[in-house]
J.: 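Please read through the structure below; I'll follow up with questions.
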Amino acid sequence: MECLESFNPANGEVVGEVPLTPVEDIPAIVDRARSAQPAWADLGLEGRGELLKQTLPIFAERVEQHAALITAEMGKPTKESIGEAKSLGWGLDRELDEIVGALSPEFVEDKRARSTIYHDPLGVVGAITPWNFPMSMPSWMLIPSLAAGNTVVFKPSEETPLCGQAYADVLNEVLPEDVLIVVHGADDQGKAIVKSDVDMIAFTGSREAGKHIMREASSSLKRLVLELGGKDPMIVLDDADIEKAAKFAAVNSFRNCGQVCVSTERIFVMEEIADEFEKALSGIAAAMTVGDGAEGADVGPMVNARQRDHVLAQLDAAVAAGATVAAGGTGHHDNFVTPTVLVGVTDDMDIAASETFGPVACVTRVKSADEAVERANHTRFGLGAVVFGGDERRTEAVARKLTAGMIGVNRPITGATGTPWVGARESGFGFHKSKDGHRQFTQTRVVTRPV
Ligand code: NAD
């Protein structure tokens with residue numbers, strides 16, 4: 001049997017291997033998932049929720065094991081991996097209760113008719129996930145898909161198959177057979193799932209793959225949730241708390257080595273405070289340690305050589321076109337890229353337009369808040385955006401002009417519990433989390449009777 005090997009990006013060592021799923025086996029795998037679906041649906045919304053809650057203690061006891069695997073497979077520093085591993089169980093019971101609330105039947109009546117709105121399972125969901133949050137991204141899709149009564153054919157990223165398998169193994173300790181089936185492989189296996197008889201594709205990954213999936217899914221009008229890439233802007237107004245803004249910019253540009261869909265990739269700072277902001281940001285970047293994430297470094301390796309080459313090519317091209325390195329920029333080796341602050345970045349540079357997905361903070365000076373908004377919105381992406389400013393009304397007014405799906409004001413973009421994770425424009429199609437997000441994994445049906 002052919003195997004898929006997984007490598008540690010910090011040292012090139014083999015972390016492990018999984019059996020590669022032959023593409024020709026995928027239709028039969030989908031058939032198995034379809035056969036298992038009616039009995040799974042028959043357990044009922046509450047029954048499925050209670051069963052899935054049984055995974056909570058398993059996730060809790062495996063936090064360290066999962067965190068070590070995340071760091072070994074994709075390089076994230078241990079403290080970030082622990083956060084991701086903990087998030088799998090944290091709040092799971094609350095989320096499952098929220099799903100039960102969102103999908104319970106609703107009753108609507110007028111003088112002529114009494115209707116019940118049902119949120120029924122769709123059938124089989126094909127879930128395809130990326131490597132940058134190799135356990136939490138699967139969790140975001142699999143929990144709502146399964147709780148809604150669907151069965152799932154799940155393909156983790158080929159970069160992090162062991163994390164995907166370990167996550168699914170926990171669920172499969174409580175799920176009936178074939179309710180969740182893991183497929184291993186790369187694009188070919190992903191494409192075969194999209195082509196197959198699944199009812200829905202839940203995808204998180206790059207915009208290009210998302211567009212391909214949308215085209216392919218159109219032939220049978222499969223339901224879609226697409227969470228795609230971003231080029232998130234940050235606006236720093238002239239009355240912002242500069243230290244706070246610089247700290248946020250550093251954390252959000254360099255966390256997970258910049259390999260986060262809502263990383264701060266473009267910073268627009270007002271001229272009056274630009275010197276001070278750039279100095280503060282550069283100071284934080286220069287103090288960061290780079291190395292094996294398992295050994296306490298602040299910034300780990302990039303996931304692979306392809307991603308590293310992409311980042312370094314964008315950096316070189318930006319410098320050749322006139323951008324200046326204010327921190328970092330040298331000392332890159334193997335898969336390690338030094339956190340770099342680039343100033344004087346202009347809109348015509350590739351680093352200002354295409355997703356970088358690496359540890360680079362790009363700073364552009366602007367003359368006014370209006371110019372900042374115009375340039376921040378000058379993108380086909382629209383995942384997150386943040387604004388830092390002093391005057392509350394002015395900062396809020398700037399936030400409301402941004403075209404992203406999630407906007408943070410003097411804080412990260414993550415919303416209060418129960419709010420959706422949503423991309424605008426070419427960053428996505430559909431929601432994660434929240435009532436609206438949970439309902440996407442269902443078929444709405446209305447049954448109406450006479451009064
Ligand atoms: P990717 O698109 O290369 O791959 C993602 C997954 O899709 C992998 O499992 C891959 O094997 C599979 N795949 C690739 N092409 C496919 C196709 N044509 N049909 C079906 N499956 C296919 O992305 P990646 O490099 O793994 O992840 C990084 C990307 O994910 C970045 O663009 C990042 O912004 C995005 N991302 C978005 C979110 C979000 O919430 N919006 C979250 C995390 C990551």
Side-chain angles (χ1 to χ4, degrees), residues 4 6 9 18 20-21 23 26 73-74 76 84 87 126-141 153-161 163-165 167 182-196 198 200-218 222 224-232 255-265 302-308 310-311 354-358 379-385 404-406 413-415 420-433 437:
L4 176 63
S6 175
V18 292
L20 192 70
T21 308
V23 165
I26 288 175
E73 257 201 316
M74 58 74 63
K76 187 174 295 190
E84 181 171 352
S87 77
I128 303 174
T129 56
W131 47 265
N132 64 331
F133 287 90
M135 293 188 124
S136 61
M137 288 296 102
S139 157
W140 283 26
M141 285 178 185
V153 175
F154 162 47
K155 193 197 85 63
S157 168
E158 61 276 24
E159 299 289 344
T160 50
C163 285
Q165 186 65 53
Y167 179 76
V182 184
V183 161
H184 284 297
D187 309 15
D188 286 347
Q189 282 74 5
K191 287 174 183 163
I193 293 173
V194 175
K195 255 203 164 69
S196 76
V198 296
M200 175 180 190
I201 298 293
F203 174 79
T204 301
S206 61
R207 178 175 62 174
E208 288 58 41
K211 286 183 177 178
H212 180 261
I213 289 171
M214 197 166 186
R215 278 196 301 275
E216 288 293 309
S218 71
K222 289 186 175 78
L224 287 177
V225 172
L226 304 174
E227 293 292 344
L228 310 177
K231 192 75 193 166
D232 284 13
R255 173 170 76 106
N256 202 12
C257 205
Q259 302 166 126
V260 181
C261 52
V262 288
S263 272
T264 295
E265 295 225 353
M302 304 231 55
V303 73
N304 57 31
R306 184 165 38 91
Q307 191 56 29
R308 175 206 62 204
H310 162 70
V311 173
S354 316
E355 190 174 34
T356 302
F357 227 53
T379 173
R380 297 300 308 161
F381 289 109
L383 196 53
M406 296 171 287
I413 56 105
T414 39
W421 179 272
V422 52
R425 312 177 92 188
E426 294 187 11
S427 283
F429 193 88
F431 302 84
H432 272 312
K433 311 271 180 191

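The chain is numbered in sequence order, starting from 1. First listed ligand is number 1; within each ligand, the first listed atom is number 1. Remember, it's a predicted structure, so these values are computed and weren't measured experimentally.
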J.: Who pairs with F203 by ring pair (Phe, Tyr, Trp, His ring centres under 6.0 Å), at least two apart in sequence or on another chain?
T.: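 F203: no ring pair (Phe, Tyr, Trp, His ring centres under 6.0 Å) contacts found.
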J.: List the steps and the verdict of side-chain contact (heavy atoms from CB on, under 4.5 Å) for I128 and V194.
T.: CA-CA 9 Å; I128 303 174; V194 175; 4.0 Å; yes
J.: What's the separation between atom NE2 in H432 and atom OG1 in T204, rounded to the nearest 0.5 Å?
T.: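 If I round to the nearest 0.5 Å, the distance is 4.0 Å.
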J.: Heavy-atom distance under 4.5 Å between the side chains of N132 and V303, does that happen here?
T.: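 No. Closest side-chain heavy atoms not under 4.5 Å.
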J.: Counting distance only, does the side-chain N/O of T356 pair as donor-acceptor with the main-chain N or O of G358 below 3.5 Å?
T.: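 No; judged by distance alone, with no hydrogens or angles, the pair does not exist.
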J.: Please step through side-chain contact (heavy atoms from CB on, under 4.5 Å) for the pair E158 and Q189, ending with a clear verdict.
T.: CA-CA 10 Å; E158 61 276 24; Q189 282 74 5; over 6 Å; no
J.: Check ligand 1 for N or O atoms under 3.5 Å from a protein N or O and list each pair with its distance.
T.:
{"from": "ligand 1", "atom 1": "2 (O)", "to": "S206", "atom 2": "N", "distance (Å)": "2.8"}
{"from": "ligand 1", "atom 1": "2 (O)", "to": "S206", "atom 2": "OG", "distance (Å)": "2.6"}
{"from": "ligand 1", "atom 1": "9 (O)", "to": "T129", "atom 2": "O", "distance (Å)": "2.8"}
{"from": "ligand 1", "atom 1": "9 (O)", "to": "K155", "atom 2": "NZ", "distance (Å)": "2.9"}
{"from": "ligand 1", "atom 1": "11 (O)", "to": "K155", "atom 2": "NZ", "distance (Å)": "2.9"}
{"from": "ligand 1", "atom 1": "11 (O)", "to": "E158", "atom 2": "OE1", "distance (Å)": "2.7"}
{"from": "ligand 1", "atom 1": "18 (N)", "to": "H212", "atom 2": "ND1", "distance (Å)": "3.0"}
{"from": "ligand 1", "atom 1": "23 (O)", "to": "S206", "atom 2": "N", "distance (Å)": "3.4"}
{"from": "ligand 1", "atom 1": "25 (O)", "to": "W131", "atom 2": "NE1", "distance (Å)": "2.9"}
{"from": "ligand 1", "atom 1": "26 (O)", "to": "W131", "atom 2": "NE1", "distance (Å)": "3.2"}
{"from": "ligand 1", "atom 1": "30 (O)", "to": "G205", "atom 2": "O", "distance (Å)": "3.3"}
{"from": "ligand 1", "atom 1": "32 (O)", "to": "E355", "atom 2": "OE1", "distance (Å)": "2.7"}
{"from": "ligand 1", "atom 1": "34 (O)", "to": "E355", "atom 2": "OE2", "distance (Å)": "2.7"}
{"from": "ligand 1", "atom 1": "40 (O)", "to": "W421", "atom 2": "NE1", "distance (Å)": "2.9"}
{"from": "ligand 1", "atom 1": "41 (N)", "to": "L228", "atom 2": "N", "distance (Å)": "3.3"}
{"from": "ligand 1", "atom 1": "41 (N)", "to": "L228", "atom 2": "O", "distance (Å)": "2.7"}

